[in-house]
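Notes for the one structure printed next.
In what follows, chains carry the letters A, B, and so on, assigned in the order in which the sequence lines appear, proteins first and then strands, with residues in each chain numbered from 1. When reading the values below, keep in mind they use all heavy atoms of this one structure, side chains included, and skip hydrogens, waters and symmetry mates. Predicted, not measured: the structure shown is a model, and the values here were computed from it.
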Protein chains: 2
Amino acid sequence: MPLDLTTGVADLTRQLCDIESVSGNEGPIADAVEAVLRSARHLTVERDGDAVVARTTLGRDRRVVIAGHLDTVPVNGNLPVRVVGDELVGRGTVDMKGGVAVALSLAVELVAPAADVTWIFYDHEEVDSDLNGLGRLAANRPDLLAADFAILAEPTSGGIEGGCNGTLRAEIRTSGTRAHSGRSWMGHNAIHDLAPALAALQAYEPASIEVDGLVYREGLNAVGVHGGVAGNVIPDAATLVVNYRFAPSRDAAEAVAHVESVFAGSDVVVTDLAEGARPGLDDPLAQAFVAAVGATPAPKYGWTDVARFAALGVPAVNYGPGDPSLAHADDERVPVAQIESVAAGLRTWLTGR
Amino acid sequence: MPLDLTTGVADLTRQLCDIESVSGNEGPIADAVEAVLRSARHLTVERDGDAVVARTTLGRDRRVVIAGHLDTVPVNGNLPVRVVGDELVGRGTVDMKGGVAVALSLAVELVAPAADVTWIFYDHEEVDSDLNGLGRLAANRPDLLAADFAILAEPTSGGIEGGCNGTLRAEIRTSGTRAHSGRSWMGHNAIHDLAPALAALQAYEPASIEVDGLVYREGLNAVGVHGGVAGNVIPDAATLVVNYRFAPSRDAAEAVAHVESVFAGSDVVVTDLAEGARPGLDDPLAQAFVAAVGATPAPKYGWTDVARFAALGVPAVNYGPGDPSLAHADDERVPVAQIESVAAGLRTWLTGR
């Protein structure tokens, strides 16, 4: 059954949720979205796997991307969607078919937006990063992601959350010499050698760094520690795992250099590293967006797909209906009014009204 | 086939080894040992499970215990014993049928020793401490273990190793509050809170304490550390496991107080605690033993069954043939000359010759 866009953005959210689309099973919803987009003469539509990209080509001097993922985490008896009071309740209502419904509605409605728009609906966001549809597009068709600014319609309770911190994980490894603990002077204790690294962590004062008008709080923390052979053995190895969340003004090399300086003299092995994303809110286009929405932007701390845009040089923010703390909850629920207000905010901005 | 004591102590070692007696299967060897002891009119023999106790009752003013265990770790193709050059090779040659052969020979031979002697042959030394035959005797028949001095004929390469350190294990536990590591200021990091304990360990200067003429080196070491929930979570719990090896001059309460003072302010939970054993080498009886043997006593660092005597108020030393570093090795081997020299040392002491 094709999607019906005449019943409003909230009802479209319900229709999209009721097309079950757990990661890996996005085919039917991608087909339905593609059919709607191809019916709009002002859009150029391309499909890559279960990602659908629709663009206006009005020759505007600025282009924005508005993107949302089509997949959800597994259903758990929470479909079809129920309407409870003024909320929609069920899988995907928050994460993130409310945002997808807003984007799909406006893609069809706005035949002459103030900036050219690239509408992206993609697959495999809720699973392993290697499968991510936006990452696949960035690799296969970076031209489709080219833009001056990007909005990811992930749930933010209708607020604007800009950019994101980067994340680095590293292991501080120590080595020693095993011995019986009854003759400890015959060995060298690798766990004891973690003392300076832990002291550095305890004394560490994380920075707060302003980037494009938003203040990003950093953090450097142990997230794991392990060592030991047996209750009567001086251990010959120990590992401290640390996670550094760094402001988007720092690139990967700066993040590595910072961690190495904090743990100077230790054996530091970086195991995971992803740069953050600048919010780009100093751009006039973004400032017009903020003004149209009427929200005070906040920094996004967790790493999200906005960083995929940042990697392509496109500043990006999150803006969508739904309380992010309810994402993935079995009783996820979104107020109808929040879906409508996000749609109104984007419409105001994109039409200049 | 009964044991033949006429062929010398080295050959008796071979005979004892060839009666397989892996822990739990000490019946046949205990039967053979009991039969030999009961044939000696000067001994009063009692049996408790597979432990055999034989005593002289000469009314001497001093009594010594000489003890050895009858069991071995599992056989691994290393029986029957082979004679290679001037060594016996095979399971039990080091740990500890050489010592058992010396004790059994002298028990029969010495009808009028200078001190009354309690000869103890026991089971289940190589397995869980709860099963230990000497521990069972200490619980069931403490009167049989009463003495002024004890010698455990465990392998010491023919040297004297006196007493043993005590051992205490404790956990230093920290607790915090979980949070996403992207918003670390919302949580409290339990791993970071291990920093003072690790700093204390790294700065710790272990004591060397003279007890009854021997110097015991202490040690306080981390033997394990663990903490962490996931790579993006501020951990709410962490544990550091420490092992304190303490001189036999300290009792359990003093050891606990010491560890608590080192980690003052931390949550210290003692999980395992065993007092050490004084060597008792300041006793004239022990000094005569040292003189007769002609060896310079050394402290024993590892916890051994001598501590079971110490718990009964009996100072104790280890003295036996075989290199202790070969105990449990598949190619364990003992020089015949070392078995004979240990027998000679004990004979000299017990006869006053």
Side-chain angles (χ1 to χ4, degrees), chain A residues 164-167 169 176 179-204 206 208 216-235 238-245 271-272 276 300-304, chain B residues 164-167 169 176 179-204 206 208 216-235 238-245 271-272 276 300-304:
Chain A
C164 71
N165 273 331
T167 181
R169 253 175 289 277
H180 192 285
S181 64
R183 289 172 291 278
S184 52
W185 52 92
M186 304 292 285
H188 181 91
N189 197 311
I191 293 176
H192 295 192
D193 284 355
L194 288 179
L198 278 179
L201 282 172
Q202 209 181 36
Y204 186 80
S208 290
Y216 289 83
R217 289 183 73 165
E218 296 196 330
L220 176 59
N221 272 273
V223 291
V225 65
H226 49 94
V229 177
N232 60 354
V233 177
I234 301 303
T239 302
L240 181 68
V241 185
V242 299
N243 182 208
Y244 176 40
R245 300 285 178 149
T271 56
D272 185 28
K300 182 78 171 179
Y301 294 116
W303 195 90
T304 76
Chain B
C164 71
N165 273 331
T167 180
R169 252 175 290 275
H180 192 285
S181 64
R183 289 172 291 276
S184 52
W185 54 90
M186 304 291 285
H188 181 90
N189 197 313
I191 293 177
H192 294 192
D193 284 355
L194 288 178
L198 278 178
L201 283 171
Q202 210 181 34
Y204 187 80
S208 290
Y216 289 82
R217 290 182 73 165
E218 295 195 331
L220 177 58
N221 272 274
V223 291
V225 64
H226 49 95
V229 177
N232 60 354
V233 177
I234 302 303
T239 302
L240 181 69
V241 186
V242 299
N243 183 209
Y244 177 39
R245 301 286 178 148
T271 56
D272 186 28
K300 182 79 173 177
Y301 294 117
W303 196 90
T304 76

> So which part of A/A230 gets closer than 4.5 Å to some heavy atom of chain B, the side chain, the backbone, both or neither?
Replying inline: backbone
>> Among B/P206, B/G227, B/A238, which residue has the highest count of heavy-atom pairs closer than 4.5 Å to chain A?
In response: B/G227
> side-chain contact (heavy atoms from CB on, under 4.5 Å) with B/L194: which of A/L240, A/I191, A/L198?
Replying inline: A/L198
>> Please identify, among A/G219, A/A199, A/G231, the residue contributing the most non-hydrogen atom pairs under 4.5 Å to chain B.
In response: A/G231
>> With a 4.5 angstrom heavy-atom cut-off, is it the side chain or the backbone of B/R217 that approaches chain A, or both, or neither?
In response: both
> Is it the side chain or the backbone of A/V225 that comes within 4.5 Å of chain B heavy atoms, both, or neither?
Replying inline: both
> Relative to chain A, which segment of B/H180 carries a heavy atom at a distance below 4.5 Å: side chain, backbone, both, or neither?
Replying inline: side chain
>> If I measure from the heavy atoms of chain A, does B/D193 come under 4.5 Å with its side chain, its backbone, both, or neither?
In response: both
>> With a 4.5 angstrom heavy-atom cut-off, is it the side chain or the backbone of B/L220 that approaches chain A, or both, or neither?
In response: backbone
> Any idea which of B/A195, B/P196, B/G228 has the most non-hydrogen atom pairs under 4.5 angstrom with chain A?
Replying inline: B/A195
>> Can you tell me which portion of A/D272 sits under 4.5 Å from chain B's heavy atoms? Options are side chain, backbone, both or neither.
In response: neither
> Within a strict 4.5 Å, meaning less than it, do heavy atoms of the A/R245 and B/N232 side chains meet?
Replying inline: yes
>> Taking every non-hydrogen pair under 4.5 Å, which of A/A222, A/G224, A/C164, A/S184 racks up the most with chain B?
In response: A/A222
> Would A/N221 and B/S181 count as having a side-chain donor-acceptor pair, cut-off 3.5 Å?
Replying inline: no
